[in-house]
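Step one of this worksheet: look at the structure below.
In what follows, every heavy atom counts, from backbone to side chain, and hydrogens, waters and symmetry copies are set aside.
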Amino acid sequence: ALPEGHLARAFILWSPAKGFQHTEALDALGRVVAVQPGFEQAHNRIASISLHIGRLEEARRAHATAQRSNPKTRSGNLEFIYLYSGDFARAEEAGEAWVRDRPGATYALFFHPQPPLLTGQLDVAEERITRARKHLGDDPLIITLQGMLHARHEQRAPALECVRTALACAKSFGHTHHTYYQVACIYAVLGETSDAMAWLE
């Protein structure tokens, strides 16, 4: 019955080893906040899982509740909620604040190129990808951002080389599903719809 036990169960369920069981993990987190409504970590986890599965309004509400519990919390969820909602102006503003507050933070460096990459400010995106690669090297998440940039420039061969390089890497700082999503983006921009859909699936 302890909320900490349900929180631990949610972390186990929403993991690569358990195949990211979002329904069961969210159920466990619901049990946490039913007993302890101000449990910040549980609300942050609800926000993270919800934004991954497209429940963006639920993610936004959970993030707001976590902020009320602890105004100093910095989860990175809000930045991705803005990005995935298509609110690129707020995503850019939030990304700038993130790298300003934590200039060497891994996820801040990964996030920072994405708003300009998606809005077509490719020179800005390139500068930020270069900075990320200096800190994070040839991580698959950064290499696939580079591939997306090549695809936006209609540079097919370098874009596909980035796909090959990223998929050959044994390990990433992030979960592999983000790499697969970005590989799908590369194929989508190159006009290869069937390959894009295959990687999304």
[Y] and [X], any side-chain heavy atoms less than 4.5 Å apart:
X: Ile143; Y: Cys169; result: no
X: Leu190; Y: Ile186; result: yes
X: Val163; Y: Thr144; result: no

Under the side chain to side chain donor-acceptor pair (under 3.5 Å) rule, collect the residues that match up with Gln36, sequence neighbours excluded.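 Checked Gln36 against side chain to side chain donor-acceptor pair (under 3.5 Å); zero matches.
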Partner residues of Glu127 under the side chain to side chain donor-acceptor pair (under 3.5 Å) criterion, sequence neighbours left out: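 Per chain and number, Glu127 pairs via side chain to side chain donor-acceptor pair (under 3.5 Å) with Arg131.
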ILVMFWY cluster, [X] and [Y] together (side-chain gap under 4.5 Å):
X: Ile142; Y: Val99; answer: no
X: Val124; Y: Phe110; answer: no
X: Ile49; Y: Tyr180; answer: no
X: Phe20; Y: Ile53; answer: yes
X: Val189; Y: Leu83; answer: no

Contact summary for [X] and [Y], nearest pair of heavy atoms:
X: Gly104; Y: Leu109; answer: O-CD1, 3.9 Å
X: Leu56; Y: Ser85; answer: CD1-OG, 3.5 Å
X: Ile12; Y: Lys18; answer: O-CG, 3.2 Å
X: Ala151; Y: Ala159; answer: N-CB, 3.9 Å
X: Arg152; Y: Leu117; answer: NH1-O, 2.5 Å
X: Asp139; Y: Ser172; answer: OD1-OG, 2.8 Å

Under 4.5 Å side-chain linkage, directly or through intermediates, the cluster mates of Leu78: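 Members other than Leu78 - counting any ILVMFWY side chain reachable under 4.5 Å - are Tyr82.
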Got more than 12 heavy atoms from elsewhere within 6.0 Å of [atom1], [X]?
X: Arg9; atom1: CZ; answer: no
X: Tyr84; atom1: OH; answer: yes
X: Glu96; atom1: CD; answer: yes

Which pairs count as ring pair (Phe, Tyr, Trp, His ring centres under 6.0 Å) when at least one residue sits in residues 29-53, sequence neighbours excluded?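 Matches after skipping sequence neighbours: Trp14-His52, His52-His177, His52-His178.
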Only counting residues at least two apart or in another chain, list the ones meeting salt bridge (Lys or Arg N to Asp or Glu O under 4.0 Å) with [X].
X: Arg100; answer: none
X: Arg60; answer: Glu57
X: Glu92; answer: Arg128

Within residues 65-85 or reaching into it, pairs that qualify as salt bridge (Lys or Arg N to Asp or Glu O under 4.0 Å) - sequence neighbours excluded: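 Checked against salt bridge (Lys or Arg N to Asp or Glu O under 4.0 Å) - neighbours excluded - the pairs reaching residues 65-85 are Arg74-Glu79, Arg74-Asp101.
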Could Arg61 and Glu58 be called an ion pair, given the rule that one side-chain N must be under 4.0 Å from one carboxylate O?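 A salt bridge is absent here (no side-chain N lies under 4.0 Å from a carboxylate O).
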Test item: side-chain donor near acceptor, Thr73 and Asn44, under 3.5 Å: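 Side chains of Thr73 and Asn44: pair found under 3.5 Å.
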Can you confirm whether the side chains of Glu40 and Ser69 place a donor and an acceptor under 3.5 Å from each other?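 Per modelled atom types, Glu40 and Ser69 side chains form no pair under 3.5 Å.
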With side-chain contact (heavy atoms from CB on, under 4.5 Å) as the test, would you mind laying out the steps for Gln41 and Phe11 before giving the verdict? CA-CA 11 Å; Gln41 194 175 10; Phe11 269 88; 3.9 Å; yes
Is the side chain of Gln182 donor-acceptor paired with the backbone N or O of Met148 at a distance under 3.5 Å, no angle test?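 Answer holds: no.
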Exam field: side chain Asn77 to backbone Leu51, donor-acceptor pair closer than 3.5 Å: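 The answer is no, because no donor-acceptor pair under 3.5 Å joins these two groups.
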Expected list for residues 22-33: side-chain donor-acceptor pairs under 3.5 angstrom, two or more places apart:
residue : atom : partner : partner atom : Å
Asp27   : OD2  : Arg31   : NE           : 3.4

Distance (rounded to the nearest 0.5 Å) between Thr176 OG1 and Leu141 CG: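 The OG1 atom of Thr176 sits 8.5 Å away from the CG atom of Leu141.
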Nearest 0.5 angstrom please: Arg133 CZ to Leu145 CG, how far?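 Those atoms lie 10.5 Å apart.
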Pairs touching residues 189-201 that satisfy side-chain hydrogen bond (donor to acceptor under 3.5 Å, both in side chains), sequence neighbours left out: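 Of all non-adjacent pairs touching residues 189-201, those that pass side-chain hydrogen bond (donor to acceptor under 3.5 Å, both in side chains) are Arg156-Glu192.
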Just jot down the side chain to side chain contact (heavy atoms under 4.5 Å, CB included) partners of Glu154, sequence neighbours excluded, or say none.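 Glu154: no side chain to side chain contact (heavy atoms under 4.5 Å, CB included) contacts found.
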Please name all residues satisfying side chain to side chain contact (heavy atoms under 4.5 Å, CB included) with Pro71, sequence neighbours left out, ordered by chain then number.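 Here no residue qualifies.
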